[in-house]
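What follows is one structure encoded as structure tokens, with my remarks underneath.
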Amino acid sequence: MHISIEIKNMTDTDLQPLQILVAESDPVEIDRIVATIDREFHAGIKIAKNYQQLLERTNLERPQLVVLGKIDNANYSEIAQACHKIKPKLPIYLLSSQGIIIDSFRQLVKTCGLTDVITRDANSLNQLLVKIDPARRDRRTMPSEKLTTAHPNRQQLTSEPLGSKPTPNVTVISADRSLIQPKIFGRDLLAALDEIVTVSNSYFGPLAQGNYWRKAHDRIIDEFPAMQNWSADHFSKLSCHENMLVQEITPEDLQSLRVWVRLFIEECERIIIDYRSILTHANLSPLATDLLIRS
């Protein structure tokens, strides 16, 4: 027995290219993002290297989708508001360099007015483009009504898009990985804390910032004994015990670090009101953003 499938004879040239606006300031990242996108979508790609170009090309090109990397001197809320003023309901997807999207970061992105956040891997990005582009989505759908009788032991084809169901020897990776609970080690959290320090260097001198971290540390050391493994020097250099670098972080450890960050922000807000909002919109990694959760 065999399976007969009727497929409409249509080539890529018969399809109008999906209009994609890639917004990214770093030339190296631009090349990497474009290389990640399947070649069938390349005809519709336009590039915006700064905030002004993003607005101009959104107005002139009328893209169907914005793939947002890092744009200098602009935050997510500002970008979403300005683009949607030009083209309401324009899908804007943030690319994250992290392999795992934390729920709190996804919610933050949506609160800022962006459509969603996805990882930068090729599978996630191209699945998104097929989903956005109805012509290619329909073309990649197998018409089940055209199937004839198949061998009883052979898997039946359905009208679902390719890749929607796992097949033998094929690993299907979902673009939404928020349900996966990754292992987090001390070195990961130290790197996340360093991101907050780096951003804060633009607003406070190293001595002032070091003082804020140390004062916050002194306020929680009795309540959270695990904080004895973490410290800050007078010049805002954060560190942890060497054993912690390769040790998996417990929920209690994460909670104590969130409190440390919260108290640090309280110290900062004695000088800059609503400093938390500045950090929230600073393009931090998902893990660093997770540390901003109020504890």
Side-chain angles (χ1 to χ4, degrees), residues 24-29 50-51 69-79 94 96-98 102 104-105 108-109 112 184-250 252-295:
E24 172 62 60
S25 296
D26 186 345
V28 175
E29 281 300 306
N50 55 52
Y51 178 68
K70 290 185 178 181
I71 289 292
D72 295 338
N73 302 319
N75 60 54
Y76 301 151
S77 297
E78 183 180 6
I79 289 173
L94 177 67
S96 171
S97 59
Q98 300 296 314
I102 298 175
S104 57
F105 183 61
L108 170 65
V109 166
C112 291
I184 301 176
F185 297 90
R187 60 176 179 268
D188 302 318
L189 283 174
L190 183 58
L193 289 168
D194 283 341
E195 290 183 51
I196 297 175
V197 170
T198 299
V199 172
S200 299
N201 281 337
S202 300
Y203 299 90
F204 308 98
L207 284 173
Q209 189 185 169
N211 184 45
Y212 299 156
W213 282 111
R214 289 164 64 83
K215 288 177 67 175
H217 189 276
D218 290 343
R219 291 170 61 185
I220 65 171
I221 190 65
D222 292 334
E223 184 178 355
F224 298 95
M227 286 303 299
Q228 295 177 7
N229 294 311
W230 299 82
S231 63
D233 70 11
H234 291 285
F235 297 95
S236 66
K237 179 177 176 55
L238 307 187
S239 59
C240 67
H241 192 280
E242 60 181 358
N243 292 339
M244 287 292 297
L245 293 174
V246 294
Q247 182 175 315
E248 185 176 350
I249 294 298
T250 66
E252 292 75 18
D253 293 329
L254 183 59
Q255 175 73 0
S256 64
L257 290 173
R258 283 174 176 168
V259 175
W260 190 22
V261 171
R262 174 172 61 83
L263 296 180
F264 164 73
I265 292 174
E266 287 182 7
E267 295 294 333
C268 294
E269 289 183 336
R270 298 176 189 272
I271 307 299
I272 300 178
I273 298 176
D274 200 19
Y275 185 62
R276 175 181 295 276
S277 178
I278 293 176
L279 290 175
T280 298
H281 295 88
N283 285 337
L284 297 171
S285 69
L287 186 54
T289 302
D290 188 73
L291 290 176
L292 300 179
I293 294 176
R294 297 181 184 274
S295 302

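All figures in this text were calculated on a predicted structure; none of them were measured in a lab.
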(request) Run the numbers on His241 and Gln228 for side-chain contact (heavy atoms from CB on, under 4.5 Å), then give the verdict. (result) CA-CA 9 Å; His241 192 280; Gln228 295 177 7; over 6 Å; no
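Closest approach of Glu24 to Ile71, counting heavy atoms only: N-CD1, 3.6 Å. The two residues Ile220 and Ser256 come nearest to each other via the heavy atoms CD1-O, 3.8 Å. For the pair Leu245 and Leu190, the tightest heavy-atom approach, listed with the atom from each and the gap, is CD2-CD2, 3.9 Å.
Looking at Glu248, its side chain never comes within 3.5 Å of a backbone N or O of Phe185 through a donor-acceptor pair. With Glu195 contributing its side chain and Ser285 its backbone, the two residues share a donor-acceptor pair below 3.5 Å.
The shortest distance between side-chain heavy atoms of Asn243 and Asn229 does not fall below 4.5 Å. Side-chain atoms of Val259 and Leu263, non-hydrogen and from C-beta on, do get closer than 4.5 Å to each other. For the pair Leu254 and Leu291, the minimum side-chain heavy-atom distance is below 4.5 Å. A 4.5 Å side-chain heavy-atom check between Val197 and Pro206 finds every atom pair outside the cut-off. Side-chain contact check for Leu238 versus Ile196: every heavy-atom pair is 4.5 Å or farther apart.
Atom CG in Asp188 sits 11.0 Å away from atom CG in Leu193 (nearest 0.5 Å). How far OG of Ser200 is from CD1 of Ile278: 9.0 Å, rounded to the nearest 0.5 Å. Taking CD1 from Ile79 and CG from Leu94, the interatomic distance works out to 9.0 Å, rounded to the nearest 0.5 Å. Separating the CZ atom in Arg258 from the CG atom in Leu292 is a distance of 10.0 Å, to the nearest 0.5 Å. The CD1 atom of Ile249 sits 6.5 Å away from the CG atom of Leu257 when rounded to the nearest 0.5 Å.
Taking Tyr203 as the reference, Tyr275 meet the ring pair (Phe, Tyr, Trp, His ring centres under 6.0 Å) condition, with sequence neighbours excluded. Qualifying side chain to side chain contact (heavy atoms under 4.5 Å, CB included) partners for Ser277, counting only residues two or more places apart in sequence or in other chains: Asp274, His281. Under the side-chain hydrogen bond (donor to acceptor under 3.5 Å, both in side chains) criterion, Gln247 pairs with no residue, sequence neighbours left out. For the side-chain hydrogen bond (donor to acceptor under 3.5 Å, both in side chains) test, residues two or more places apart in sequence or in another chain that qualify with Asn201 are Gln209. Partners of Thr250 according to the side-chain hydrogen bond (donor to acceptor under 3.5 Å, both in side chains) rule, which considers only residues two or more places apart in sequence or in another chain, are Glu252, Asp253.
For the ring pair (Phe, Tyr, Trp, His ring centres under 6.0 Å) condition, the pairs that include at least one residue of residues 210-240, sequence neighbours left out, are Phe204-Tyr212, Trp213-Trp260, Trp213-Phe264, His217-Trp260. Each salt bridge (charged side-chain N to carboxylate O under 4.0 Å, His left out) pair with one or both residues in residues 200-221, not counting sequence neighbours, appears once here: Lys215-Glu267, Arg219-Glu266, Arg219-Glu267. Here salt bridge (charged side-chain N to carboxylate O under 4.0 Å, His left out) pairs that include residues 221-240, with residues two or more places apart or in two chains, number zero.
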